[in-house]
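Step one of this worksheet: look at the structure below.
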Amino acid sequence: MRVKDVKKVVLAYSGGLDTSVILKWLQTTYRCEVVTFTADLGQGEELGPARDKALLLGIKPENIFMDDLREEFVRDFVFPMFRANALYEGMYLLGTSIARPLIAKRQIEIAEQMGADAVAHGATGKGNDQVRFELSYYALKPDVKVIAPWREWDLTSRTRLIQFAEEHQIPIAKDKRGEAPFSVDANLLHSSSEGKILEEPWDAPDEMVWQRTISPEAAPDKPTEITIEFERGDAVGINGERMSPATLLTRLNALGKENGIGRLDLVENRFVGMKSRGCYETPGGTILYVAHRAMESITLDREACHLKDSLMPRYSEIIYNGFWFAPERRMLQALIDESQKSVTGTVRLKLYKGNTIVTGRQSPNSLYSMKHVTFEEDQGAYDQFDAQGFIKLNALRLRLGAMAGRKGGEL
């Protein structure tokens, strides 16, 4: 990209060292007007300092956007994903992955509103986020110019970043001087920690890594019992109190935190090809995941449930790799949402020392038939003799194989 081609750029801006350096670098390298966008996704930090720093770095007040996206984040991104019971590689609840398409969406909206011809992000050239941001940008604005400083500049170390910041009078938080112990990303769904002291997969994470949960060992000795109410696959209330999506997840986060729920130490496969080690905390999401599966257990037809489970790894991979705004995700979402029409009712759980334990579930749409499943007299609801023909028909191909000399499933 030629520098002179960029007149105005919208930067995804956190106010931290990296994006503050990027802001000044854009001004000095591209000589363009910079618009900053800071999203409140429930990361738990005050956004005022980001505004103050942007003003200090010469950004016009009308070019500073700070948006509270917490409700949209949970309602339109987290909840649809949780209807699918999405787990990447069977464990990761996709807390970072699901935030990127919303940030990108709002960034493009601001770019169009402000007449910007480019967008910029602070993701490195080694990670997944560069892919997630840029796939979303191009899906929403195919002609947009994308600036990814980590793939362009020569500031390849923390020391070089700090040196650049000092040369350009960019304020640096004292705890950023020297080598940071690890990198943290957070939103209302989770927090993730990666890098530095966590790069050796054999080394146990220090307790300071965990920021959203107390340790299970320190959790109360008495369990916390709660109920979660669902309507059409989405949680709508806790203990009978209806709440907005973001309020509900915030409440579950608090319950999970105090009971030591939601910690995960994972080595995962990045889309770019390398393995990475991350420590994730998803307290409310972990509770929600368990409760939703329990709600589905009595409301979903067997084959519908199994089909949905078979698609979950593919759906999770699509989100992890950054294809939220791709036709295959929309197609799968339509199927998933169709499956949730009867997923309504209440789940009761015990939260205890890192565990989320289902103790009850009920639904007006329940497919659980006690008169069929009972070990007591079923009043003729189920004729056990029918099982004989069922078994023989399912065994027919096995018997024919054995008769042909292929006993025990031999080929």
Side-chain angles (χ1 to χ4, degrees), residues 42-45 70 74 78-79 82 85-87 90-96 181-182 184-194 197-198 201-230 234-267 277-298 345-363 368:
Q43 54 265 50
E45 297 177 352
R70 287 173 293 177
V74 182
V78 174
F79 275 9
F82 270 72
N85 302 318
L87 290 174
M91 300 184 74
Y92 173 39
L93 284 163
L94 297 163
T96 296
F182 50 84
V184 177
D185 176 79
N187 57 52
L188 194 55
L189 180 57
H190 93 150
S191 71
S192 68
S193 300
E194 293 182 318
I197 63 174
L198 298 173
W202 178 251
D203 293 344
D206 190 278
E207 189 62 27
M208 71 175 179
V209 169
W210 308 110
Q211 302 175 49
R212 295 218 169 173
T213 57
I214 64 173
S215 70
E217 295 89 341
D221 293 330
K222 182 180 179 181
T224 301
E225 186 168 89
I226 65 170
T227 61
I228 300 179
E229 292 76 49
F230 287 87
D234 291 343
V236 296
I238 301 173
N239 296 333
E241 179 185 351
R242 291 185 70 91
M243 305 175 188
S244 72
T247 303
L248 185 142
L249 186 53
T250 300
R251 182 74 61 84
L252 288 180
N253 279 337
L255 290 164
K257 176 181 181 178
E258 64 193 32
N259 285 282
I261 291 169
R263 293 186 175 187
L264 175 64
D265 182 343
L266 176 68
V267 174
R277 192 267 190 100
C279 290
Y280 300 115
E281 291 175 279
T282 320
T286 300
I287 298 169
L288 185 59
Y289 173 83
V290 173
H292 182 256
R293 294 219 65 138
M295 193 75 270
E296 286 188 326
S297 72
I298 62 170
T346 302
V347 177
R348 187 177 63 242
L349 309 110
K350 279 186 179 179
L351 314 178
Y352 183 65
K353 291 189 177 295
N355 296 291
T356 303
I357 305 162
V358 176
T359 63
R361 68 292 277 162
Q362 62 182 8
S363 170
Y368 183 89

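Bear in mind that the values here come from a model prediction, so they are computed numbers and not experimental data.
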**Between CZ on residue Arg277 and CG on residue Leu266, distance to nearest 0.5 Å** = 10.0 Å
**Asked** Taking Pro283 as the fixed residue, which of Leu189, Asn253, Ile214 is the one that meets the side chain to side chain contact (heavy atoms under 4.5 Å, CB included) rule?
**Response** Asn253
**Prompt:** Just how far is it from atom CE of Met295 to atom CZ of Phe230, taken to the nearest 0.5 Å?
**Reply:** 7.5 Å
**Shortest non-hydrogen contact between Glu229 and Thr227, atoms and distance** = OE2-OG1, 2.9 Å
**Fill in**
Heavy-atom closest pair (Tyr280 atom, Trp210 atom, distance to 0.1 Å) is O-CZ3, 3.5 Å
**Asked** Between Thr96 and Ser192, which heavy-atom pair has the shortest distance, and what is it?
**Response** OG1-OG, 3.5 Å
**Prompt:** Does some side-chain heavy atom of Leu188 sit less than 4.5 Å from a side-chain heavy atom of Thr250?
**Reply:** yes
**Item:** Residues Glu207, Arg263: salt bridge by 4.0 Å N-O rule
**Value:** yes
**Request:** Show your reasoning for whether side chain to side chain contact (heavy atoms under 4.5 Å, CB included) applies to Val209 and Asp265.
**Result:** CA-CA 11 Å; Val209 169; Asp265 182 343; over 6 Å; no
**Asked** What are the two closest heavy atoms between Phe79 and Ala235, and how far apart are they?
**Response** CE2-O, 3.5 Å
**Prompt:** Any donor-acceptor pair under 3.5 Å linking the side chain of Asn355 with the backbone of Ile357?
**Reply:** no
**Asked** Heavy atoms, side chains only, cut-off 4.5 Å: are Val290 and Val347 in contact?
**Response** no
**Asked** Are any of the side-chain heavy atoms of Pro245 and Val78 separated by less than 4.5 Å?
**Response** no
**Request:** Working to the nearest 0.5 Å, report the span between CG of Leu255 and OG1 of Thr286.
**Result:** 12.5 Å
**Message:** Within the structure provided, determine whether Leu264 and Leu93 are in side-chain contact (heavy-atom separation under 4.5 Å).
**Reply:** no
**Complete:** Heavy-atom closest pair (Gly284 atom, Leu249 atom, distance to 0.1 Å) is C-CD1, 4.0 Å
**Item:** Separation between CG of Leu94 and CG of Leu87, rounded to the nearest 0.5 Å
**Value:** 7.5 Å
**Item:** Separation between OH of Tyr92 and OG1 of Thr282, rounded to the nearest 0.5 Å
**Value:** 7.5 Å
**Heavy-atom pair with the smallest gap, counting every atom of Arg70 and Gly42** = CG-N, 3.5 Å
**Asked** Side chain of Asn259, backbone of Pro223: donor and acceptor closer than 3.5 Å?
**Response** no
**Prompt:** Is the closest side-chain heavy-atom distance between Met208 and Ile197 below 4.5 Å?
**Reply:** yes
**Request:** Under the side chain to side chain contact (heavy atoms under 4.5 Å, CB included) rule, what do Leu248 and Val74 come out as? Steps first, then yes or no, please.
**Result:** CA-CA 9 Å; Leu248 185 142; Val74 182; over 6 Å; no
**Request:** Look at atom NZ of Lys350 and say whether more than 12 heavy atoms of other residues, nucleotides or ligands are closer to it than 6.0 Å.
**Result:** no
**Message:** Please report the interatomic distance NE2(His190) to CG(Asp185), rounded to the nearest 0.5 Å.
**Reply:** 5.0 Å
